[in-house]
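First comes the structure, then the notes that go with it.
Proteins come first, then strands; the chains are lettered A, B, ... in the order of their sequence lines, and each starts at number 1. Atom set for the values below is all heavy atoms of this structure, side chains included, hydrogens, waters and symmetry mates excluded.
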Protein chains: 2
Amino acid sequence: MKKTSTYPVSARGPADHEVRDQIVAAATEHFSRYGYEKTTVSDLAKAIGFSKAYIYKFFESKQAIGEMICANCLRQIEAEVSAAMAETDLAPEKLRRMFKAATEASLKLFFQDRKLYEIAASAATENWQAVVAYEGHIQKLLQDVLQEGRQSGDFERKTPLDETAKAIYLVMRPYLNPLLLQYSLDYTEEAPMHLSNLVLRSLSP
Amino acid sequence: MKKTSTYPVSARGPADHEVRDQIVAAATEHFSRYGYEKTTVSDLAKAIGFSKAYIYKFFESKQAIGEMICANCLRQIEAEVSAAMAETDLAPEKLRRMFKAATEASLKLFFQDRKLYEIAASAATENWQAVVAYEGHIQKLLQDVLQEGRQSGDFERKTPLDETAKAIYLVMRPYLNPLLLQYSLDYTEEAPMHLSNLVLRSLSP
DNA sequence: CGTGTGACCATTTGGTATTATAGTCACTAT
DNA sequence: ATAGTGACTATAATACCAAATGGTCACACG
């Protein structure tokens, strides 16, 4: 199995290679310190002691490197969300924690890793693979918890599952999507609770 | 009573004056045709046959003129939403129509009056009075229909009204707020229906 | 074959000189 | 007092050119 998560379409050359890891490490460092725009490919090359041309043996563009770093950020968020959900067995509580953890993890990125956040925001604007994958994974998590709640009898079963999932995703989107989050900052304090309440009321059997 | 809606804080000089109306008319024309940035205050002056200095007897800045035009747009949306809601007496249906009409009116602005939409988006970014007022009015409409539905027995009465109103507003926001709408275009087709359904389920007694 | 690069080109970007614009004010006319 | 303006300034936009950057390629080395 090819692990597409760490070797996306936009990569090239040997998949498993020490230099690839070095590039990613240097890019993470530079992007998060100086930002994506201010980091040149030559900077990365210098940092790992190779020529710029060599970097292009591993990534087909600077953006491809950015995608990788962005994907790592988003996977980090996914992991935090999954962890928060794993803390309980009750579907309703899982849903609450999912919403809360996702918002908090995104906010953490925004406030503590602004430069990386900016990459994620561009990624969302331009619909990079990493963001599409992230959205897919979150939707999957959501669908799973809905299914679980239906099985346990916590959630109603009349409404088609995919409709419910879609609607709830739309409710969460302004706080999950890096691009939208920055325009919802005034609400991040209360929104997860209020919206979780609303969603759970809508799910009651 | 001062009608603050047509004479906001950022205006100056005689409130009711033919020239003020001429300025607004010329600005509406120019802003919607050439855009806010590309229109100079001198252009407006030329259009109404006065000097630029005279315009500043009526508005304290170019932005103040923009606010007025923007406020008109938003009031137009409000009017369309109110009209749509008046078509029915049933609170749940009112809520559906509110969501649908608001989304459609905002989309109309986006696609058919792009230049004016851009003003509204800036207004939302910079929190102009016009947008704050618009949000307030929409929230009032929402609160009223909720109250009405509670009285008629269509909606549950346990949850505090302002919490419900706030949560539902947050659900609608991505499609009402001009700044957010442009990032939700992929969803405007289905979102009003799916989200109305979700909200109504959450309101069921 | 895999590792690695300097030289090269087409676009962007950054800096800067110049122009255009927002906004004011003293002033005239009625 | 109300109606109206030309001349002015500080700031923002623009136009311009030089430097920097993303990206490629032919080639060298083991």
Side-chain angles (χ1 to χ4, degrees), chain A residues 7-27 29-31 33-70 115 118-119 122-123 125-126 128, chain B residues 7-27 29-31 33-70 115 118-119 122-123 125-126 128:
Chain A
Y7 187 73
V9 286
S10 48
R12 55 159 67 145
D16 205 39
H17 194 293
E18 199 203 338
V19 173
R20 179 182 298 282
D21 298 338
Q22 287 181 256
I23 296 171
V24 171
E29 165 72 11
H30 277 71
F31 287 171
R33 186 178 305 235
Y34 310 108
Y36 177 77
E37 313 282 350
K38 298 284 177 196
T39 302
T40 73
V41 177
S42 300
D43 290 338
L44 300 180
K46 221 167 288 173
I48 62 174
F50 290 112
S51 74
K52 179 180 60 155
Y54 196 39
I55 289 192
Y56 285 95
K57 299 279 195 219
F58 296 91
F59 292 95
E60 77 178 9
S61 65
K62 183 185 174 185
Q63 176 175 317
I65 306 176
E67 287 221 35
M68 178 117 303
I69 273 60
C70 177
K115 306 286 185 181
E118 282 160 16
I119 300 181
S122 309
T125 311
E126 296 161 32
W128 293 4
Chain B
Y7 187 73
V9 286
S10 47
R12 54 159 70 143
D16 206 37
H17 195 294
E18 200 205 336
V19 173
R20 179 183 298 283
D21 298 338
Q22 288 180 254
I23 296 171
V24 170
E29 166 71 12
H30 277 71
F31 287 172
R33 188 179 304 237
Y34 310 108
Y36 178 78
E37 312 281 349
K38 297 284 176 197
T39 302
T40 75
V41 178
S42 300
D43 290 339
L44 299 180
K46 221 166 288 171
I48 62 173
F50 291 113
S51 75
K52 180 180 59 157
Y54 196 38
I55 288 192
Y56 285 95
K57 300 280 194 217
F58 296 91
F59 292 94
E60 78 177 7
S61 65
K62 182 185 174 185
Q63 177 176 316
I65 306 176
E67 287 221 35
M68 178 116 303
I69 273 60
C70 177
K115 305 284 184 180
E118 282 160 15
I119 301 181
S122 308
T125 312
E126 295 161 32
W128 293 4

Spacing between [X] atom [atom1] and [N] atom [atom2], to the nearest angstrom:
X: B:I48; N: D:dT5; atom1: CD1; atom2: C1'; answer: 13 Å
X: B:I55; N: D:dA3; atom1: CD1; atom2: P; answer: 15 Å
X: B:R20; N: D:dT2; atom1: CZ; atom2: P; answer: 14 Å
X: B:K62; N: D:dA12; atom1: NZ; atom2: C1'; answer: 11 Å

[X] versus [Y], closest heavy-atom pair with distance:
X: A:Y36; Y: A:K62; value: O-NZ, 2.8 Å
X: B:H30; Y: B:T39; value: O-OG1, 3.4 Å
X: A:R20; Y: A:F58; value: NH1-O, 3.1 Å
X: B:C70; Y: B:I119; value: CB-CG2, 4.0 Å

Criterion side-chain contact (heavy atoms from CB on, under 4.5 Å) on B:F59 and B:V41, from CA distance to verdict: CA-CA 11 Å; B:F59 292 94; B:V41 178; over 6 Å; no
Boundaries of the DNA chain C segment in contact with chain B, non-hydrogen, under 4.0 Å: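 Nucleotide range in contact with chain B: C:dT21 to C:dC25.
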Below 4.0 Å: OP1/OP2 of D:dA3 and any side-chain N or O of B:H17: yes
Are there any protein N/O atoms within less than 3.5 Å of an N/O atom in nucleotides 27-30 of chain D, and if so, which ones and at what distance?
none

Beyond-backbone contact of B:E18 with B:D21, side-chain heavy atoms, under 4.5 angstrom: no
Contacts of A:E37 that satisfy salt bridge (charged side-chain N to carboxylate O under 4.0 Å, His left out) - sequence neighbours left out: none
Run the side-chain donor-acceptor check on residues 42-55 of chain A: report pairs under 3.5 Å with partners two or more places apart or on a different chain.
unit_1, atom_1, unit_2, atom_2, d
A:D43, OD1, A:T40, OG1, 3.3
A:D43, OD2, A:T40, N, 3.0
A:D43, OD2, A:T40, OG1, 3.2

Qualifying residues under side-chain contact (heavy atoms from CB on, under 4.5 Å), relative to A:E126, sequence neighbours excluded: A:Q63, A:S122, A:W128
Residue closer to the 5' end of DNA chain C, B:Y56 versus A:G49 (nearest nucleotide):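 First, find each residue's nearest nucleotide; the 5'-ward one identifies A:G49.
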Sub-4.0 Å heavy-atom contacts from residues 36-45 of chain B onto DNA chain C, ordered by number: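 Residues of residues 36-45 of chain B that come under 4.0 Å of DNA chain C are, in numerical order, B:T39, B:T40, B:V41.
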Residue pair B:I65, B:M68: steps toward the side-chain contact (heavy atoms from CB on, under 4.5 Å) verdict: CA-CA 5 Å; B:I65 306 176; B:M68 178 116 303; 5.5 Å; no
Selection from D:dT24, D:dA3, D:dT5 that lies nearest to any side-chain heavy atom of B:F50: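 Ranking D:dT24, D:dA3, D:dT5 by closest atom to the B:F50 side chain puts D:dT5 first.
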Side chain A:K52 and base D:dG23 donor-acceptor under 3.5 Å: yes
Spacing of A:H17 atom NE2 and A:K57 atom NZ [to the nearest 0.5 Å]: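 These two atoms lie 11.5 Å from each other.
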